[in-house]
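Everything below concerns the one structure shown next.
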Protein chains: 2
Amino acid sequence: MGKQATEMLKGTLEGIVLALLSGRAAYGYEITAWLRDQGFTDIAEGTIYALLIRSEQRGLVDVEKVPSEKGPPRKVYSLNAQGQDYLNEFWRTWSFLSERLEQLREGGR
Amino acid sequence: MGKQATEMLKGTLEGIVLALLSGRAAYGYEITAWLRDQGFTDIAEGTIYALLIRSEQRGLVDVEKVPSEKGPPRKVYSLNAQGQDYLNEFWRTWSFLSERLEQLREGGR
DNA sequence: TCCAACTACTCAGTGACGCTTAATACCGGT
DNA sequence: ACCGGTATTAAGCGTCACTGAGTAGTTGGA
């Protein structure tokens, strides 16, 4: 991904992670690895952790500390009701933006 | 648009404006009005001007001062070759992001 | 045994971007 | 003379992703 990606990810990355969490609970290291797998090769380690902490402070996710077989305990995050509302709102905003952009790309204007 | 829009616009708004300019030259006031028309009702007056100045400083657009029939002279911006390259790169990044998001929305993961 | 590699999380500092708000300026109509 | 629409500029703010460094536990090889 290009250098423009950093700015474009703002706001979107949060939605991506919450969408992932709406499917299943996950912990930071796992999410980072998954994102890398999906092609987000430049996502920095620390970025996801910061994002998760922000989401927790806003009450969008619930956390449970789970001991790991290998390494320090994991903080497993899951989307709660408020987070689901927020995610729905995210999809609405994304749809709006996406439609405008697609319209601009084809036909132009 | 919701409150999430502000963050999601980062990086994207620039692409939107450059895409518009790739179709035809335009000046700040006009662009702002057009965006409002397109549903970006919350776009602040000053935002577009700042964006245009940034784009100019990066050499993505050319500027021409044109007297207006009604009001102060207009600064008419048009996309140059470097700006077109940048715009192409923008579309690549957008496509990537868009595909991931669409994939996440359907099926999930 | 020691050390490298992998797992897993934390935190302080940085830069870019869009937003807010206010100011400046030119014009036409009343 | 004043007001509203046109048109641009600029200073200060908050949020987010990135950087880079640090802490810690586990596993496997030299």
Side-chain angles (χ1 to χ4, degrees), chain A residues 1-18 25-36 40-58 60-61 63-77 86 90 93 97, chain B residues 1-18 25-36 40-58 60-61 63-77 86 90 93 97:
Chain A
M1 303 187 59
K3 316 101 250 128
Q4 303 191 48
T6 293
E7 289 304 323
M8 251 190 269
L9 275 179
K10 292 193 179 173
T12 313
L13 185 58
E14 186 181 33
I16 290 171
V17 170
L18 294 182
Y27 54 97
Y29 192 83
E30 185 185 13
I31 295 172
T32 303
W34 178 81
L35 285 170
R36 294 246 168 85
F40 295 96
T41 48
D42 300 339
I43 300 282
E45 194 73 38
T47 296
I48 296 303
Y49 291 110
L51 190 160
L52 289 170
I53 287 171
R54 268 201 314 273
S55 302
E56 186 190 353
Q57 283 169 348
R58 288 199 197 144
L60 305 178
V61 294
V63 194
E64 197 191 355
K65 207 156 212 164
V66 176
S68 162
E69 316 84 47
K70 34 170 62 179
R74 297 164 175 166
K75 288 178 72 175
V76 175
Y77 293 86
Y86 188 88
F90 168 81
T93 305
L97 207 54
Chain B
M1 303 187 60
K3 315 99 249 132
Q4 302 191 50
T6 292
E7 288 305 324
M8 249 188 270
L9 276 178
K10 289 189 180 176
T12 314
L13 185 58
E14 186 181 33
I16 291 172
V17 170
L18 294 182
Y27 55 97
Y29 192 82
E30 184 184 13
I31 296 172
T32 304
W34 179 80
L35 286 169
R36 294 246 168 86
F40 294 97
T41 49
D42 299 340
I43 300 283
E45 195 72 40
T47 298
I48 296 303
Y49 291 111
L51 190 161
L52 288 170
I53 288 171
R54 269 201 312 274
S55 302
E56 186 190 353
Q57 283 169 350
R58 288 199 198 144
L60 306 178
V61 293
V63 195
E64 196 192 352
K65 207 156 212 165
V66 176
S68 162
E69 319 84 45
K70 33 170 61 183
R74 298 163 173 166
K75 287 178 74 177
V76 175
Y77 293 85
Y86 188 87
F90 168 80
T93 306
L97 207 53

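Below, read A as the first sequence line, B as the second, and so on, with proteins coming before strands; counting in each chain starts at 1. Values below: every heavy atom of this structure, side chains too, minus hydrogens, waters and symmetry copies.
Heavy atoms only, all atoms of each residue included: Leu60(A) and Glu14(A) are closest at CD1-OE2, 4.2 Å. Heavy atoms only, all atoms of each residue included: Val61(A) and Leu52(A) are closest at CG2-O, 4.4 Å. Ile48(A) approaches Gly28(A) most closely through the heavy-atom pair CG2-O, 4.0 Å. A pairwise comparison of heavy atoms in Tyr86(B) and Arg58(B) identifies OH-NH1, 3.2 Å as the closest pair. Tyr27(A) and Lys75(A) get closest at one heavy-atom pair: CB-O, 3.1 Å.
Counting any heavy atom pair closer than 4.0 Å across all strands shown, Thr47(A) reaches a base atom.
Put simply, Arg58(A) has a side-chain N or O that comes within less than 4.0 Å of OP1 or OP2 on dC16(D). Between dC16(D) and Arg54(A), a contact under 4.0 Å exists linking OP1 or OP2 to a side-chain N or O. Of the side-chain N and O atoms in Tyr49(B), none sit less than 4.0 angstrom from OP1 or OP2 of dA10(D).
Comparing Ala50(A) and Lys70(A) by the nucleotide of DNA chain C whose heavy atom lies nearest to each, the residue mapping closer to the 5' end is Lys70(A). Nearer the 5' end of DNA chain D, as judged by each residue's closest nucleotide, is the contact made by Ile43(A), out of Gly71(A) and Ile43(A). Both Thr12(A) and Pro73(A) lie near DNA chain D, and the one whose nearest nucleotide falls closer to the 5' end is Thr12(A).
In this structure, the CD atom of Glu56(B) is 12 Å from the P atom of dT8(D), given to the nearest Å. Between the C1' atom of dA21(D) and the CD atom of Glu45(A) lies a distance of 13 Å, rounded to the nearest Å. The distance between atom CD of Glu69(B) and atom C1' of dT6(D), rounded to the nearest whole Å, is 10 Å. Rounded to whole angstrom, the span from the CG atom of Leu52(B) across to the P atom of dT8(D) amounts to 9 Å. Protein atom CG of Leu9(B) is 14 Å distant from nucleotide atom C1' of dT15(D), rounded to whole Å. A straight line from CD of Gln57(A) to P of dT15(D) spans 12 Å, rounded to a whole angstrom. The interatomic distance linking Tyr29(A) (OH) with dG25(D) (P) rounds to 17 Å, in whole Å. One interatomic measurement links the two molecules: NZ of Lys3(B) to C1' of dC16(D), which rounds to 17 Å at whole-angstrom precision.
Once you apply a 4.0 Å limit to the heavy atoms of chain B, the touched nucleotides of DNA chain C run 5' to 3' over dC17(C) to dC27(C).
How far CD1 of Ile16(B) is from CZ of Phe90(B): 6.5 Å, rounded to the nearest 0.5 Å.
Counting heavy atoms of neighbouring residues, nucleotides and ligands inside a 6.0 Å radius, atom CD of Glu45(A) exceeds 12 of them.
One donor-acceptor pair, N or O on each side, does fall under 3.5 Å between the base of dT15(D) and the side chain of Lys10(B).
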